Number of protein chains: 2
Amino acid sequence: MAKTNKNIDTEGQILDAAKNVFQKKGMDGARMQEIANEAGINKAMLHYYYRSKQLLFEAVFSNAFSLLAPQLNKILNDDSSIEDKVKNFTHNYISFITKHPYLPNFIIQELNRNPKFFEKIQQNTAFPTLEKFKNQVTAEVEKGILKPIDGEQLFINIISLNIFPFIATPLIKGFLKIDDKGFKQLMEQRKTAVSEFIINSIKK
Amino acid sequence: MAKTNKNIDTEGQILDAAKNVFQKKGMDGARMQEIANEAGINKAMLHYYYRSKQLLFEAVFSNAFSLLAPQLNKILNDDSSIEDKVKNFTHNYISFITKHPYLPNFIIQELNRNPKFFEKIQQNTAFPTLEKFKNQVTAEVEKGILKPIDGEQLFINIISLNIFPFIATPLIKGFLKIDDKGFKQLMEQRKTAVSEFIINSIKK
DNA sequence: TTATGGTTTAACCATTTGGTTAACAAAAGT
DNA sequence: ACTTTTGTTAACCAAATGGTTAAACCATAA
């Protein structure tokens with residue numbers, strides 16, 4: 001950062017515009033010209049600041065990923081009980097994604113396109129691990145707080161229930177015959193419906 | 001079909017090749033030349049049989065969708081109890097997708113790219129509706145078989161738990177630090193783990 | 001004031017890409 | 001046999017696209 005000349009924050013404007021375009025259209029569907037238009041600047045600036053489409057994309061991607069990672073940390077590395085974690089995570093995550101609706105699909109899509117991205121990310125960002133969560137589930141099962149369940153499966157279940165509707169939004173809208181407003185209401189309900197559903201299943 | 005000339009089934013070969021390429025790379029990432037190579041024929045043939053990339057893509061898409069729709073019918077329009085439906089669907093769906101791993105991501109991704117596709121599909125394919133399932137849930141709740149739960153939310157939960165891991169495969173592999181083999185094992189476990197998880201939550 | 005160096009732009013370039021064409025080959029029809 | 005129709009190919013084309021360049025711009029330090 002700390003640019004010297006007339007520019008105030010062109011680099012940031014570019015990143016913002018790139019975020020919008022890449023998240024909507026993906027790496028392959030995005031056009032450098034469209035990003036430039038969205039940022040209101042000359043296309044050459046994109047290359048001046050980010051060298052190539054690939055590098056600009058990676059900047060956007062790790063930026064997006066580092067937004068999402070802390071969300072997962074709340075369920076993986078927090079000291080409350082599993083029940084509280086589930087309640088908090090579900091509530092927080094759905095609120096969070098409602099503000100960033102393109103994020104989960106963007107990340108998952110581009111991770112599918114190039115699974116090696118994951119390794120790149122693991123090195124750069126502080127990356128949450130599953131160990132603590134698994135141990136905690138085992139412990140709470142042994143204590144008789146939870147019914148017997150595998151920690152890994154429970155983790156997958158929790159993120160499936162929370163993330164999937166935001167990835168499959170058009171599918172859900174289609175099946176349920178609802179519009180944007182109806183979808184938002186449904187997700188609002190899910191803040192409690194999902195955590196109840198999970199707790200019902202695992203609590204003894 | 002029933003082509004008259006020397007060709008045996010070029011049209012089918014093209015569709016197969018297109019399926020592979022489109023499902024791996026998406027509409028934007030796919031190249032007509034790559035499809036032609038995969039099919040082992042001249043690129044002009046793609047246009048001879050399907051006119052344009054868009055039309056070829058739509059052929060692949062509705063083909064894929066009509067594979068997936070009957071799977072959903074098993075949970076939406078079947079006469080068994082909700083409990084049996086959940087058990088059967090979970091088991092069948094995971095088996096089915098293990099054989100077609102790219103399918104769910106392909107459909108969801110392209111539906112996100114162009115939500116209007118959904119309307120097109122609804123006209124062409126026999127399209128499962130949610131009404132029966134919702135009524136059945138309401139009925140079983142009233143009878144005291146199930147704990148109170150909204151039918152729409154339950155439906156979303158069921159498909160989330162079943163579909164999500166196959167869409168977010170690289171993410172899950174990364175978090176759980178497992179390879180292909182480990183992932184398959186985990187999905188095999190899910191055939192029972194998921195239905196138990198759901199039944200535990202909803203059965204009175 | 002003027003030299004300096006980062007910033008910005010319009011024009012340009014090479015390559016890729018979806019799509020077309022014209023000629024040719026193989027059947028099918030007569 | 002030969003004509004017509006259908007299938008197949010190589011060569012070609014125009015548009016789009018990521019990227020480059022050289023000149024202009026402009027804030028600031030000397």
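Order of the sequence lines sets the chain letters (A, B, ...), proteins ahead of strands, with each chain counted from 1. These numbers come from a predicted model, not from an experiment.
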Measuring from the side chain of A:Y48 (C-beta onward, heavy atoms only), which nucleotide among D:dT8, C:dG19, C:dG6 has the closest atom?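 Among D:dT8, C:dG19, C:dG6, the one nearest the side chain of A:Y48 is C:dG6.
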Looking at the side chain of B:H47, which of C:dT9, D:dT9, C:dG19 is the nearest nucleotide?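 That would be C:dG19.
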I need the [atom1]-[atom2] distance between [X] and [N], as an integer number of Å.
X     : N      : atom1 : atom2 : result
B:I35 : C:dG19 : CD1   : P     : 11 Å
A:E11 : C:dT7  : CD    : P     : 9 Å
A:Q33 : D:dG18 : CD    : P     : 9 Å
B:F57 : C:dG18 : CZ    : P     : 13 Å
A:N42 : D:dT21 : CG    : P     : 15 Å
B:M45 : C:dA22 : CE    : P     : 18 Å
B:L46 : D:dG7  : CG    : C1'   : 14 Å
B:I14 : C:dG19 : CD1   : P     : 13 Å

When the ring centroid of B:F57 is compared with that of B:F106, is the distance short of 6.0 Å?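 They qualify: ring centres under 6.0 Å apart.
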Taking OP1 and OP2 of C:dT7, is either one under 4.0 Å from a side-chain nitrogen or oxygen of A:T10?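 The answer is no; no side-chain N or O of A:T10 sits under 4.0 Å from OP1 or OP2.
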If you compare every side-chain N and O of A:S52 against the phosphate oxygens of D:dG18 (OP1, OP2), does one of them come in below 4.0 Å?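 Answer no for this pair, as no side-chain N or O of A:S52 is under 4.0 Å from OP1 or OP2.
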Scan residues 148-174 of chain B for pairs that pass ring-ring contact (aromatic ring centres under 6.0 Å, His included), counting only residues two or more places apart or in two chains.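 Passing the test, one end in residues 148-174 of chain B: A:F175-B:F155.
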Would you tell me whether A:N88 and A:N92 have side-chain atoms, one donor and one acceptor, within less than 3.5 Å of each other?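 Distance-only check fails for A:N88 and A:N92.
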Just by protein heavy atoms under 4.0 Å, how would nucleotides 12-17 of chain D read 5' to 3' in B, S and -? -----S
Not counting sequence neighbours, which residues clear side-chain contact (heavy atoms from CB on, under 4.5 Å) with [X]? List them please.
X      : answer
A:D28  : A:R113, B:D28
A:E58  : A:Q54, A:L55, A:F117, A:K120
B:Q109 : A:N105, A:Q109
A:K19  : A:D16, A:Q23, A:V60, A:N63

